[in-house]
Amino acid sequence: MNNDQIFKDRARVLDEDLAGRASTAGADALLAEIVSLEHTPARRRLMPSPGRALLGLAAAAVLAGAIVVGPSLLKASEQVYASQAVTIDRVGDEYAFYFTEGDPDPAELQKAFHKVGLDNLTVTLTPVSPHDAGSVFGFDKTDPDAKATFAGDSCPERIANCITAFRVTADITGPAEVSLSRPAKPGEKYASPADASLPGEALAGVKLRGRSVAEAVRVVREHDLKVAYGLDWPLRNAEGVRFENDVPASRIDPGWSVTTAETYNDGVIVLRAAPGPNTTPPPGFCVDPICP
């Protein structure tokens, strides 16, 4: 049986039924059904019955000749590129990037971006403690309508060895840069400090907060680690602190209390301390809530 005969057997209104007349009862019924679907209130079309949904698609196919339903309409995820370093999905009007290498070759990334038309996009991946992965996310762009969002939470669900992920507007124009954090490799220095007492860190399980600087220094050196200092200045007439970094040991009172011990994964523990009462900030250091 050929296609013409199949369509003829299934048709509800045949050509011979239309010969010599403007309409037939069958044609009127089909038209009425199509029109009724078109005028259904929007709130009722949110959950159409299967029968009505199929009929609506069939009617659209009859009238328009074809119908195409793509990822941008259904918000479905479709892989458009994959390499050892990055996998790219198209999700609606965005691209989702999943990184499987912590330090990918920039040339390979540019190749991936070129494949999806994002020639002006660059990505910076900064090493941090595994506990802080995803803590850094930035987006600099010239396109006022462009947006990017961190998607690290869905990263391992999509790619087995995924490290970090983000989404960006698919039709972005002009140069743009995404900044992401990634877990540092063994022995690699962190770009931002981490709590040294966390599991896997230099002083895992060792609590120094609240101890005197002198006692904390002794514990750090017992672990064959070096010491550096920082101060947490309380703000005047307000809650919170302002951080002073790279403070020389000559300015640290051994009796001051340690607020936290930080590590950059480089063999040095930064002991941050709270200055004692009546301690004067160094020249040019502001401890007001709003500083110039």
Side-chain angles (χ1 to χ4, degrees), residues 77 79-91 94-113 116 118 121-141 146-169 172 176-209 220 223 225-226 228 230 232 241 243 245 259-272:
S77 177
Q79 180 176 301
V80 293
Y81 181 86
S83 70
Q84 183 176 348
V86 61
T87 296
I88 307 176
D89 288 352
R90 178 65 184 257
V91 186
E94 295 179 319
Y95 283 118
F97 293 81
Y98 301 94
F99 291 88
T100 48
E101 281 190 359
D103 192 17
D105 181 359
E108 184 177 355
L109 288 184
Q110 288 305 121
K111 177 183 176 182
F113 300 155
V116 296
L118 296 175
L121 179 67
T122 57
V123 175
T124 300
L125 296 171
T126 58
V128 297
S129 165
H131 302 282
D132 295 330
S135 61
V136 177
F137 182 76
F139 184 46
D140 292 326
K141 39 87 174 187
K147 63 179 181 178
T149 54
F150 177 70
D153 295 342
S154 62
C155 191
E157 298 176 4
R158 174 64 181 88
I159 304 294
N161 298 319
C162 187
I163 295 174
T164 190
F166 72 94
R167 290 188 179 189
V168 66
T169 307
I172 185 174
E177 180 180 6
V178 175
S179 300
L180 286 171
S181 56
R182 62 166 176 82
K185 299 175 183 178
E188 185 178 18
K189 186 176 180 178
Y190 301 156
S192 57
D195 187 333
S197 67
L198 293 174
E201 301 296 354
L203 293 177
V206 178
K207 302 297 183 181
L208 297 181
R209 182 176 183 178
V220 171
H223 286 77
L225 298 167
K226 297 179 180 179
D232 295 348
V241 297
F243 304 112
N245 300 316
T259 57
T260 187
E262 299 175 335
T263 176
Y264 285 86
N265 199 36
D266 58 354
V268 178
I269 301 299
V270 180
L271 295 178
R272 304 201 64 85

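Just so you know, residue 1 is the first one in the sequence shown, and it goes up from there. Computed from heavy atoms alone, side chains included, the values below leave out hydrogens, waters and symmetry copies.
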Hey, mind stepping through Phe150 and Leu180 against side-chain contact (heavy atoms from CB on, under 4.5 Å) and telling me if it holds?
CA-CA 8 Å; Phe150 177 70; Leu180 286 171; 3.9 Å; yes
Could you tell me whether a side-chain N or O of [X] sits under 3.5 Å from a main-chain N or O of [Y], the two making a donor and an acceptor?
X: Thr164; Y: Arg182; answer: no
X: Thr100; Y: Gln84; answer: yes
X: Thr149; Y: Val168; answer: no
X: Asp195; Y: Ser197; answer: yes
X: Ser181; Y: Ala133; answer: no

Check whether Tyr95 forms a cation-pi arrangement with Arg90 (NZ or CZ under 6.0 Å from the six-membered ring centre, at most 45° off the ring normal).
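So Arg90 does make the cation-pi contact.
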Return the set of residues passing side-chain hydrogen bond (donor to acceptor under 3.5 Å, both in side chains) with Asn245 (not counting sequence neighbours), or none when no residue passes.
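Asn245: side-chain hydrogen bond (donor to acceptor under 3.5 Å, both in side chains) contacts with Arg272.
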Partners of Glu201 by salt bridge (Lys or Arg N to Asp or Glu O under 4.0 Å), sequence neighbours excluded?
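Counting only residues at least two positions away or on another chain, Glu201 forms no salt bridge (Lys or Arg N to Asp or Glu O under 4.0 Å).
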Quick check: closest heavy atoms across [X] and [Y], and the distance to 0.1 Å?
X: Pro183; Y: Pro130; result: CB-CA, 4.3 Å
X: Ala261; Y: Leu208; result: CB-CD1, 3.9 Å
X: Val178; Y: Phe137; result: CG1-CE1, 3.9 Å
X: Val270; Y: Gly230; result: CG1-N, 4.2 Å
X: Leu109; Y: Phe99; result: CD2-CE2, 3.6 Å
X: Ile163; Y: Gly102; result: CD1-N, 3.3 Å

Would you check, one step at a time, whether the test side-chain contact (heavy atoms from CB on, under 4.5 Å) holds for Gln79 with Asp89?
CA-CA 4 Å; Gln79 180 176 301; Asp89 288 352; 3.6 Å; yes
Nearest-0.5 Å distance, CG of residue Leu121 to CD1 of residue Ile172
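Nearest 0.5 Å value for the CG-CD1 distance: 6.5 Å.
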From Leu271 CG over to Arg209 CZ, what is the distance, rounded to the nearest 0.5 angstrom?
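Atom-to-atom, Leu271:CG and Arg209:CZ are 14.0 Å apart.
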Taking the six-membered ring for Trp, are Phe97 and Phe166 ring centroids under 6.0 Å apart?
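Ring centroids of Phe97 and Phe166 are less than 6.0 Å from each other.
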Set out, in order, the CA-CA distance, both residues' side-chain angles and the distance that settles side-chain contact (heavy atoms from CB on, under 4.5 Å) for Tyr98 and Ser154, then state yes or no.
CA-CA 9 Å; Tyr98 301 94; Ser154 62; 4.2 Å; yes
